[in-house]
Amino acid sequence: MLIKRPPDIPTSEITDERLFWRRRDFLGAMAGALALHLVPRLPQQGEKLTSFEDITTYNNFYEFGTDKKDPSRHAHTLRPRPWSVRVEGEIKKPKVYDVDEVIRRYPAQERVYRLRCVEAWSMVIPWLGFPLASLLRDVEPTSNAKFVAFTTLHDPEQMPGQKRGVLPWPYVEGLRLDEAMHPLTLLVHGLYGKPLPNQNGAPLRLVVPWKYGFKSIKSIVRIRLVREQPPTTWSMSAPNEYGFYSNVNPDVDHPRWSQKRERRIGELRRRLTLPFNGYADQVASLYTGMDLRRTF
Amino acid sequence: MNRRGWLQAGVVALGLVPLAWLAADAFGDRLGANPIEEITHRTGDWTIRFLLATLAVTPLRRLTGWNWLIKFRRTIGLIAFSYATVHFLIYIGLDQGFAFAYIGEDIAKRPYITVGFTAFVFLIPLAITSTQGWVRRLGGKRWNALHRLVYVSAAGGVLHYLWLVKGDQVTPVYYAAVLVLLLALRIRRSPSAARPVEQRVDLLADASRGAQIGGEPLHRPDARVQP
Ligand code: HEM
C-alpha cells in the first residue's frame with residue numbers, strides 16, 4: 001500500500017513524530033484489523049501520543065527504586081538477553097522459551113493504548129507486541145486452567161531495588177483466563193517501534209489496557225496457568241487498597257485518592273477517567289453479573 | 001540596616017533558595033514528565049523541613065548555649081508557612097484546577113489530605129500573630145500557648161506524608177523520628193517534680209538570661225535574650 005503525504009507538508013515536518021506514528025498506527029491497524037477486526041486506533045479525538053522521553057523517564061518499577069525517575073537511572077543493570085520465559089502449569093505443552101524465539105514466532109503488532117496508573121496519571125503509548133492469547137493457545141491450556149499467574153525476575157544484583165523489602169519479591173500478577181485470552185491483552189517487547197527499554201519492563205511485559213498499570217507486570221520470567229486465583233503483589237501488600245481485578249473504574253475510589261479524574265502526562269488540566277479506561281465496549285462483558293464495587 | 005537586620009535578611013534569602021531553584025527548574029523545563037507533581041513534592045518537602053527546623057531552634061539553643069538563635073525562630077517559621085502556602089495553592093490551582101467540589105471531597109474523604117489541610121489551617125493563626133503587635137496584645141503566656149500549635153502542624157505534616165506514600169515509608173519515617181526526638185528534648189526540659197537539680201539550676205540560668213521558665217522563651221522586640 002502506498003501512503004501519500006499531503007503535498008503541503010514542508011520538509012521540516014517530514015520526520016514529525018506524530019505524522020510518522022499516524023502512519024505506523026494506520027499500518028498497524030490494517031495489519032491488525034485483518035487478524036482481529038478489533039485494533040484500537042488512537043484512543044479519542046484530542047488524545048495524543050505521550051512523548052518517548054516521558055514514557056521512558058517516568059516509571060513505576062520498584063525493582064529499580066521507588067522514585068519515578070529511578071528506573072530510567074538505574075535499570076541499566078538489567079540484562080535483558082539472554083532471557084528465558086518458562087510457560088508451565090495446567091497446560092499440555094510446558095516449555096522454556098528463549099525470549100527472541102517468542103518475539104520471532106508471533107508477528108509484532110503496533111497498538112496504541114492508554115495506560116492509566118492507579119496514582120491517577122495516564123499516558124498514551126504505541127506498544128509493539130502480540131496478543132497473549134496466541135501464545136496461550138499454542139501451549140494448550142487444560143480444562144483445569146482458570147487463571148494465569150505471572151512472575152517478574154528476582155535477582156537483586158540486576159534489580160537493586162529488590163535489596164529493600166518495599167514489596168514482597170518477586171513481583172507477581174495474575175489474570176483470569178478469559179481476561180488473559182482477550183484480544184486486547186498483549187505481551188509487549190517494544191514501544192515507539194524500538195525494543196522495550198529496560199525501565200519499561202524489558203525484554204517482555206504484559207499490557208492490559210483496561211486495568212490499572214500495576215497489573216501490567218514487567219520483565220516476565222514465568223507464566224503459569226493455575227486452577228485458583230493467584231496472589232498478586234499489591235493486593236498482598238495492601239489488600240484494602242488493591243484488588244485482584246483492579247479494572248479502571250472512576251466510581252470506585254482508592255481509599256487514599258479519587259479515581260474520577262486523571263492527569264494525562266503532558267497536559268495541564270485533569271480529564272475525566274473512563275470506565276475500563278475507555279475500553280468498556282470491548283471488555284465490560286467479561287464482568288457481567290459481577291459487583292465491581294466489591295470485586296475491585 | 002544593623003547587623004541583626006542583615007542576619008535576618010540572610011536567613012530569609014537562604015530560605016528562598018529552594019524556591020528560586022524550583023523556579024529555575026520550572027523555567028528550564030527540568031521538572032520531568034509530571035511538573036505539577038514535582039512542584040507539589042518539592043514544596044511539601046521544604047514545608048516539613050522548615051517546620052522541623054523551627055522546632056529545632058530551642059533545643060539547639062539549649063544544647064549549645066547560643067541564645068541568639070532564638071531571634072531567627074520566627075523567621076524560619078514564616079518561611080515554613082510560605083512553603084506550605086505555595087504547596088496548598090499549587091494543589092488548589094494547578095493540581096485540582098480550582099474544582100472545588102473535588103477539593104472538598106478530597107479534604108473530607110482522604111485522610112492524608114484531611115491532616116495536611118488541618119496542619120496548614122493551624123499554621124494560619126500563627127503566621128497572623130507572628131508580629132510584635134500581636135505578641136504585645138496577647139501577652140507572652142497566651143502567645144506562647146497559642147504558638148504551641150506548631151507541634152500539631154508538624155505532627156500533622158509528618159502524618160500527611162506517612163499516609164500519602166505508596167509502599168516506601170523510609171523518608172517520612174525519618175522525618176517522624178526527627179519530630180519525636182525534638183519533642184523528647186522538649187519534654188525532658190519542661191518543669192516537673194522529677195527534674196534533676198543540676199538541670200533546674202541550668203534552667204534558672206536560662207531564665208536569668210531572659211528565657212521563661214515553663215514555656216517558650218519569650219520573643220520580645222527588645223530581645224532580652226542576648227548572646
Ligand atoms: C503543614 C502542612 C503540610 C506539610 C508539612 C506537607 C508536606 C508534604 C510532603 C512532605 C509531601 C511529600 C513530598 C514528597 O513526596 O517528596 C506532600 C505531598 C502532598 N501534599 Fe502536602 N503538606 C502540607 C499540607 C498540604 C495541604 C493543605 C494539602 C492540600 C489540601 C497538601 C496536598 C499534598 C499533595 C496532593 C501531595 C502529593 C501527594 C501525592 O503525590 O500523592 N499538603 N506534602
Side-chain angles (χ1 to χ4, degrees), chain A residues 50-63 65-73 117-123 161 164-168 171 199 212-214 233-234 236-238 241-242 250 253-273, chain B residues 22 25-42 44-45 89-118 156 158-175:
Chain A
T50 306
S51 74
F52 182 79
E53 155 106 14
D54 287 349
I55 294 171
T56 55
T57 55
Y58 190 77
N59 308 96
N60 274 327
F61 198 175
Y62 281 16
E63 281 79 348
T66 53
D67 193 277
K68 299 277 188 302
K69 294 184 218 93
D70 284 338
S72 60
R73 286 180 187 145
C117 177
V118 73
E119 296 165 347
W121 53 266
S122 62
M123 295 182 175
R164 291 179 49 215
V166 180
L167 289 173
Y171 196 91
Q199 63 268 32
Y212 292 119
F214 66 87
T233 295
W234 278 104
M236 281 190 277
S237 165
E241 298 186 16
Y242 310 96
D253 285 340
H254 183 279
R256 286 185 287 150
W257 53 83
S258 166
Q259 297 293 24
K260 290 190 187 64
R261 296 185 301 163
E262 66 199 50
R263 168 158 304 108
R264 181 65 50 83
I265 295 303
E267 292 178 1
L268 183 66
R269 301 192 62 105
R270 285 177 185 260
R271 47 168 79 223
L272 291 174
T273 290
Chain B
L22 183 61
D25 281 350
F27 286 112
D29 199 14
R30 287 186 298 271
L31 293 177
N34 195 345
I36 297 172
E37 179 187 73
E38 180 72 16
I39 298 172
T40 309
H41 283 183
R42 286 216 222 162
D45 287 339
L89 293 178
I90 293 285
Y91 165 82
I92 299 287
L94 283 184
D95 190 6
Q96 299 296 323
F98 299 102
F100 289 102
Y102 290 108
I103 294 167
E105 189 188 308
D106 256 7
I107 292 175
K109 277 174 60 177
R110 326 266 167 243
Y112 91 90
I113 297 282
T114 315
V115 294
F117 185 72
T118 310
V158 167
L159 202 59
H160 168 72
Y161 197 179
L162 271 170
W163 281 348
L164 71 87
V165 293
K166 184 164 145 268
D168 188 359
Q169 305 266 350
V170 171
T171 322
V173 164
Y174 164 80
Y175 286 125

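Values reported hereafter were calculated over all heavy atoms of this structure, with side chains retained and with hydrogens, waters and symmetry mates removed. In what follows, chains are A, B, ... by sequence order, proteins preceding strands, each numbered from 1.
Scanning both residues, A:Pro255 and B:Pro111, for their nearest heavy atoms gives O-CD, 4.1 Å. Across all non-hydrogen atoms, the minimal contact from A:Arg263 to B:Asp95 is NH2-O, 3.0 Å.
Counting heavy atoms from C-beta on, the side chains of A:Tyr58 and B:Glu37 come closer than 4.5 Å. Side-chain atoms of A:Arg256 and B:Ile113, non-hydrogen and from C-beta on, never get closer than 4.5 Å to each other. At least one side-chain heavy atom of A:Leu268 sits under 4.5 Å from a side-chain heavy atom of B:Ile36.
Both the backbone and the side chain of B:Leu94 come within contact range of chain A, each with at least one heavy atom under 4.5 Å from a heavy atom of that chain. Looking at B:Glu105, the atoms closer than 4.5 Å to chain A (heavy atoms on both sides) all sit in the side chain, from C-beta outward.
Distance NZ/A:Lys68 to CD/B:Glu38: 10.5 Å, rounded to 0.5 Å. Going from atom OG of A:Ser237 over to atom NZ of B:Lys166 covers 9.5 Å, rounded to the nearest 0.5 Å.
Contact count versus chain B (heavy atoms, under 4.5 Å) is highest, among A:Glu53, A:Glu119, A:Arg269, A:Lys69, for A:Glu119.
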